[in-house]
Amino acid sequence: MPVQIPKDKWPGQVRVATIGATEADGGTRTSVITVGGEKALPFMHFEAEMPYRPVIALEIKDRKPDDWSPLLLETWGEAMDAPGAWAKAAEAAGADMLQLSLSLTGVDGEPNTPDKAVTAVQSVLNSSGLPLAVFGPGQKEADNELLVPVAEATKGERIALGICEDKNYRTIVATAMANDHLVTARAPMDVNLSKQLNILITDMGLPLERIIMDPTTGALGYGIEYGYSVMERLRLAALQGDTMTQLPMIVTPGFEAWKAKESKVGTGVPAAWGDWLERAINWETLTAVALLESGADILVLRHPESVRRVRMAIEELMEAEELRLATGN
Amino acid sequence: MTAHRVKFDVIAEPVQVVTGTLLTEAAHEAGIDIAQPCGGQGRCGRCALQVVGGSESRSSVRSRSTLRLSPEDVAQGYVLACQAVVEGDVSIHVPPQEALERRLTTDRTVAEVQVPAGYDPAIDQTIRRVALTLTPPSMDDQTDDWSRLQTALRQETGIGELQVSLSLLRKIGPVLREGEWEVTAVLNLESRGQKVEGLQSPISNLQSAKLIDLQPGHIPADAPLWGAAIDIGTTTVSVWLVDLLTGEVVQQAAEYNRQIRRGEDVISRIIFASKNNGREEMRRLVLESINGLLERVVKRASSEWRVVDDQQLATNNQPPATNNQPPATNNQPPATNNQPPATNNIVKATIAGNSTMMHLLLGIPAESIRLSPFVTAVNHIPPLTAREVELAIHPEAAVDCLPGVASYVGADITAGALSSGLDDSEQVSLFMDIGTNGETVLGSHDWLVTCACSAGPAFEGAGVEHGMRATRGAIEEVWINSDTYEPTIRVIGDAAPKGFCGSGLISLLAEMFVTGVIDKGGNFNTSLPTTRIRKGAHGLEYVVVWANEGVNRDIAITHVDVDNLLRAKAAIYAGFTVLADAVGVPLETVERVLIGGAFGKYINVEKAVEIGLLPDMPWENFHFLGNTAVLGAYYALLDEKQRARIADIASRMTYIELSADNSFFEAFTSALFLPHTDMSLFPSVAGS
Amino acid sequence: MALSGIQIYKMLPKTNCKECGFPTCLAFAMKLAAKQVELSACPHVSEESKAQLAESSAPPVRLVTLKSNGYQAAAGNEVVLFRHEKKFFHMPGLFIRVKDDLTSEQIKAKLAPAEAYEVDYVGLELTLDGFAVESVTGDAAAFATAVQAVNAVSHRPLILMSSDPDVIAAGLAAADCEIPLICAADGDNWEAMAGLAKEHKAALVVNGRTLDELADLTEKIKATGVEDLVLNPIGDNLSQRLALSTQIRRLALKKNFRALGYPLFVAPMDGEDIAYQSILAAQGIAKYGGFVVIDYFAPELAYPLLVLRQNIYTDPQKPIQVQPGLYEINDPTPESPVLVTTNFSITYFSVANEVDGSGLPAWLLVTEAEGMSVLTAWAAGKFDAERIAKDVKRFNVADKVANKRIVLPGHTAVLSGELEEELPGWEIKVGPREAVDIPAFMKQVLA
C-alpha cells in the first residue's frame, strides 16, 4: 500500500553560529565549532539536511569546586587543581568544546578578581586548542566585573560569554560586541522570555549570529519536561519563520543532572535507585539525549563517560538517509 | 537657488524662502511658532497646515509624508509642515490648534449620548405617571381611601391589582385630602418578583402594578419623571440623571469608588468585607459614592433648572437636598409641582456593576466569588426598592440591579454587550472593557463568550504614582521630541496639569517606547542626554512636568508605573487573544473592536496599538464607546425590551475561566513586552 | 480533523437548556472540543450531528490495552505530536525481555527483582509494566515452558515474541494473561498470526521495514477482524527509528491515515551495550513509543527510565509547579532570614534567582499554593496566614533558624497581622512587591 509521506517544508531556518577563531581568523584555536543551520526538526534528515552536528562541551572550572559530586572529583582527580590541566583532560575525554565556569570565590574563600579570572582563562586557552565558552559566577556585579576583562584579554578568540539574563545583559553584550565574542542568553524556561531577551540583545546591535540561546533546562526528574517542551516550541517557532528564535541552543544537562540528588549522592538513598555511578551517568546521559532530540545544538556535560554515550547517540542520529517508504528505497 | 513667496494667512507680510525650505522653517521666518511636539518627525500630526488654492498652488508644496492625515485632509490641501518642502509660491492657512486636534485621524472620540431612536415612554417605560380624579367620599359612599384609589386607577388604566408598601399606605389618606381628591400616582408596571410580558401592549391590559408614589394634585404631563442609570466600577462610579419621559440624559457625574481606600481590586475588597464589620463598611462606602454623585447630578441639573424655570425658583427655594431619611414624599411642593430635579423625585434606578460590586452594594457575602470554584451568591437579582438598598432617592423607587454571568463577569459587561450592540450583529465583534477587571466579550447575535483578566486600575488613572481620573487637569496626551526628549502635553479643560489619566498614560507609554526612553522590556535608558530620566524615590522615572510648570511637584512616570501599565495592557491583550483562541476564531476575522472604559472622551488608537494594548488592525475597525456599562444601564432604565435583552445576554453568554490552563499565562508573558514578543502581530509598529 | 468549539456549537441544539451540566451550549461545545466530556451528555442533539461529531472524535491513534490479572498496559489515543500542544495521554508500557534458551530457574532469577521493583518518585510508586518472552530456540515446548516460568514470577501483561505461529500458539496456550501482545506478524505469517490474535483476543504487533509494508499489513489484518494492532517499524539505528516513528505519528494525526493509526512498538536490540539500550529506550519514551521493551533490568536504569516517562507524560497544561519545601540559598545559617513565596515555578525562579544573585544567604519557604503565583494564590485563598503557618510547621522551619524572621511578599502585606497571630514568637516582615527589589531589601532591611 503506497503511503504518501508528508514532508514538512518550513519557511524558517536556524542561524549558523561559530564559536572559536583559528589563527587564520585572528584567534588561537586549533578547532572551532559551528552549530545551527537546521531547516527541519532535529534529525529529520529526510526533510532537510542537518548541516552541523550537535556539539558536546565539557564544563570545567577555574578551581576545584566545593560542591561537585565525589564521583566527578574522582574522575577528574588532580586535573581539577589547575584550569589548564583540566582543560587538557577534558579535551582528551572527547569534548568538542570547553565551557569554563568562573567561581565567585577562590579556594581560599577570597572573592575572585579580574586578574585571577583572566589568568584562568588564558591558562585554558594555552592548554587546549578547543573553542571556549566562559560563564561568570552568576551574580550580576561579579559577572560584569570578571567577564569584561576576560573579554578584553581574549579579544578575537570568539569566546561565548555567559550568562546574559534579562536583568543583566547590557555589560556582557557590550563587551562581546567590542571584543568580537559571542554571548549566551539564558531565560528561565519560557519561550517568550527567551525571545524577549534575544530581542533586547539584538536591539543593542549584536548580530543574531553571535547569540546562542540557553532556554534553561531541568534535569531528569527535576523539570526536564518544561525545558524539553520550551526547546521544542522555540525550534518550531524558528522553523515557522520567527527570526528572534532562530538561534542555536546551548543547554547544560551536566550542571542540572549533577545537581540532582540521584547523581550527587551515593549514600542514604533508596536501594531502588541502584548503582550510584551507573545511575549518575544515566541521569546525565538521558537528560542530554532527551534535550538532543528536542533541539539542543550544544550540550554541556560533566562526566567523560556521559560524553562517550551522548556522542554515540549523536553519531547514530546523524546517520542521514532517506526515509524508507517502500522496500528497496 | 530660486526664491519663493510664502504667505501665511495669520501674518500680513509674505516671506521669501529658497526651494526645499520646510514649511516649518518658512513659518518660523514669518514669526509663527508652529507646534512640533514630536520634534519635526512627522509622527504627531500637530503641525498640519492647509495649502490654499487649487492644484497649481498645491504643487508648490511637496509632502514627504502624510502620516496622520486622513485622505479627506489631504484632499483639502492639508500637509504636515515638518514634512512639507516649498517648491513654489504658495498661500498657507494656519488653522487654530483646537481645530487641528479634531483632525488627528487616530483619535477615537466617544459619541454623544443619543436618546434611543423611537423611544416611547408610553410603550417602553415601566414607570408610569397617572393623573387621577377620585370621587370624594360621602355618607352614601364610605368606601375606604385605598379602595377608592384602586377603583379610580382601574377606571383610568384597567389595572386590577395594585401593590403598595406600608409606609406609602400611611400617606394615602392625607395626600388624597391635600389634593382634594386630585392626585398623581407613579406606578411601576413591573410587579415584584415577576416580569411583565409584552409591555408593547396597552397599559389597560395589565393586571397588576406597584404604587411607588402618590402626590397631591395633577402633575403636568410634560413635567419630568426622574430616573438614574448607575455603574459601579471597581475604580470609578458613574451616575446619569435621566428624564424617563423624554429619555434625555440631563446630567452625568463620576468619581472614584470610595471603597478604593479598602483595596484597589475586587479581591482585596472581598477579603476586607469578609472580616469584622467589613461588609457593612464596604456597603456604606459605595453608597456614599453613589449618593454623593446623585446629589451632584441633581444639584447641577437643579441650577440649570432654575435658570430655565423662574416660577420653580420662586416656589422651591430649598436646595435640592439628598434625602437619607425615608420617607419624605410629603415635603414636595404641592399642586403646582412640576417635578424639579431632586433625589427624592428619582423613582427608578438601574444599576450595572461587576458581580463583586453588586454583592457589596447589597451587603451580600461575596467570599465565594474569590474562592474556587468561584460562584456568586446571585447573578439575577430580583427587583428591589431604594429603601432596602438605602439609595438616597425616593424610598419606594424601583431599583433594578442588572444581571451578571459569573463571578468575574458581571452586569457591567452584560450591559456593555448590549450598549455596544455586540449581541445584535451578524459580524463577529470583540468588546472590551478597559478597566480594572479587563473583561472581554467576543461574539455575535449567534454566540457570546467572555472572560475576565485582572488588569488593575492603571488605565483608570489609579494605582499609578501621578494618576488621576479623566477630569480637568488630567494630561490626556503626551508627545516626546525624539531629539531632545522634551515632552509636550495636552491637558483636559485647558488647566494646569495635575496628573495622568488613562489615555494620557497610554500616550506617554507609547511615546517613551517610540523615542527610546524605555526599551521593549519597559526599562528606562539611563544613557540618554536628558535630565528628565532620573532616579526618584521609587527607582528610575521620567519627569513629564516640572514642579514650576504645574502643581508644585514634579509629575513623573516611574519604573513601577511602567511595569503596572505593561502588566495591565498585557493582561487585556492576553485576555482577548486567549478568548479568540478558545473558541477557534482567528483575531483577524474579527470585524469590529468595541472599546469601553473610563478613558474620558477619547482614546488614541495608534498609541494603544503601539504599546500592544489593542490588536494591530485598521483603525476604522475600532469604535470607542466610553462607559458602556452605564450606557447599557441607561438603555435598560428606559426600555423594558432592552432590559430583557440584557437578561438574555446574561443567560447565553459563555464564561471562559482563564485560569483553567496555561494559555492565559503564556499569552500574558508574550504580551508583556512593547508592543509584543511576537512582532509579526504588529506589522504597523514594526514597520514604523 | 478536530473541530473547534464554535464548529461543534453550530451542530448543537443551541437551547442553553443546561441539562448537560454546563451553563450554555457553547460551554458544552468547548468541553467537547477539548475532549473533556462525552457527546451523550446532550439529550437533545440530532442524529445527524451525532454522526458528524462521532466521525471527528474518533481517535487518530487506536487505543490498545493489554490486560492481565488486574494489571493493564494501554497505549494510543494520542492526539498531538508535541506534548505542549495538549498532552501525551498514555504512558508507554515498559517491558523486560527474557529468551527461552534460559532455564526456568534462570528466568525466575532474572525476572523476580524486576517484578518486585518499585521506586518512589515524588510520592508516586513506579513499577515496570510486564515482560516479554522471546523464542530463540524456535521450539514451541521450550517457549511454553519459558512463558510458564515468567508466569510463575509475574501476573503482569505479556508480550510473546516469535515469528513462528506455532510457537506463538504454544505460548498463548501457556500464558496466564487475558490480552497479551503477540509479536509479530510479518508479510509471511500474517494470516496465521491474525488468526491467533483473533482466537485468543490478543493484540498483535505488525513488523515492517517500510511504511508501505506496515500499512499494507495492517489493512489486510484489519480486514480479518483484528483491530488491536501495534506497529513495529524496524529501524537499524536511532536515526531511522526516530524518522519512522515520527512519520507514523504525523500521518496518523495530520492526515488521519488510519492504516498507520496504531501505537508503536519499541523493540530491544541484540548485542549492543547497556548504555546504548538506555538511550534507545529513552528515545522510545520521548518519541511516540507505546510499548517499550528493554533487554536488561537494573534499578539504576529502570529508575531513570521510569522518571523520564513520568516527566514526558505530565500534563503541560497544569501550572508549572515546584515542590513545596524549605529551600537553601547561598548556604543559610540559623541567623539567615526566611523568605516565603508560592510553588508556581516562575514565581519560585524569579525569587530564588534574585536571592541567589544577592549573594546573601537565606531560607526560601515555598508553600503549597497549587502552582499559583503569589497574587493569584492569595486571591484564590491558597496563600493566606493559615496556610503559610501550616507549611512553616510542616517543613520544620523553626528547627532550622535561631532568628525567627519571616518575610512576606509585598503584595500580601495585608496578611502580616494574621500571620503574627498564627506564628507567635516570629517577627513578620513585609518584603518588596517585586522580586527584582529583593537584593536591595535584603541588604538594607535584613542585614
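Order of the sequence lines fixes the chain letters, A, B, ..., with proteins taken first and strands second; residue numbering starts at 1 for each chain.
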Enquirer: Side-chain contact test, heavy atoms from C-beta onward, threshold under 4.5 Å: evaluate it for Phe673(B) versus Leu200(A) and give yes or no.
Expert: yes
Enquirer: Check whether Phe668(B) gets within reach of chain A through its side chain, its backbone, both or neither, counting any heavy atom under 4.5 Å.
Expert: neither
Enquirer: Checking Ala288(A) now: which residues fulfil side chain to side chain contact (heavy atoms under 4.5 Å, CB included) with it, not counting sequence neighbours?
Expert: Pro253(A), Leu299(A), Leu301(A), Val310(A)
Enquirer: Pairs of donor and acceptor atoms under 3.5 Å between chain B and chain A, please, with atom names and distances.
Expert:
{"residue": "Asp519(B)", "atom": "OD2", "partner": "Tyr169(A)", "partner atom": "OH", "Å": "3.4"}
{"residue": "Lys520(B)", "atom": "NZ", "partner": "Asp203(A)", "partner atom": "OD1", "Å": "3.2"}
{"residue": "Lys520(B)", "atom": "NZ", "partner": "Asp203(A)", "partner atom": "OD2", "Å": "3.0"}
{"residue": "Glu666(B)", "atom": "O", "partner": "Asn192(A)", "partner atom": "ND2", "Å": "3.1"}
{"residue": "Glu666(B)", "atom": "OE1", "partner": "Arg233(A)", "partner atom": "NH1", "Å": "3.2"}
{"residue": "Glu666(B)", "atom": "OE1", "partner": "Arg233(A)", "partner atom": "NH2", "Å": "3.1"}
{"residue": "Glu666(B)", "atom": "OE2", "partner": "Arg233(A)", "partner atom": "NH1", "Å": "2.7"}
{"residue": "Thr669(B)", "atom": "O", "partner": "Gln196(A)", "partner atom": "NE2", "Å": "2.9"}
{"residue": "Ser670(B)", "atom": "OG", "partner": "Asn192(A)", "partner atom": "OD1", "Å": "2.8"}
{"residue": "Thr677(B)", "atom": "O", "partner": "Lys195(A)", "partner atom": "NZ", "Å": "3.1"}
{"residue": "Thr677(B)", "atom": "OG1", "partner": "Gln196(A)", "partner atom": "NE2", "Å": "2.6"}

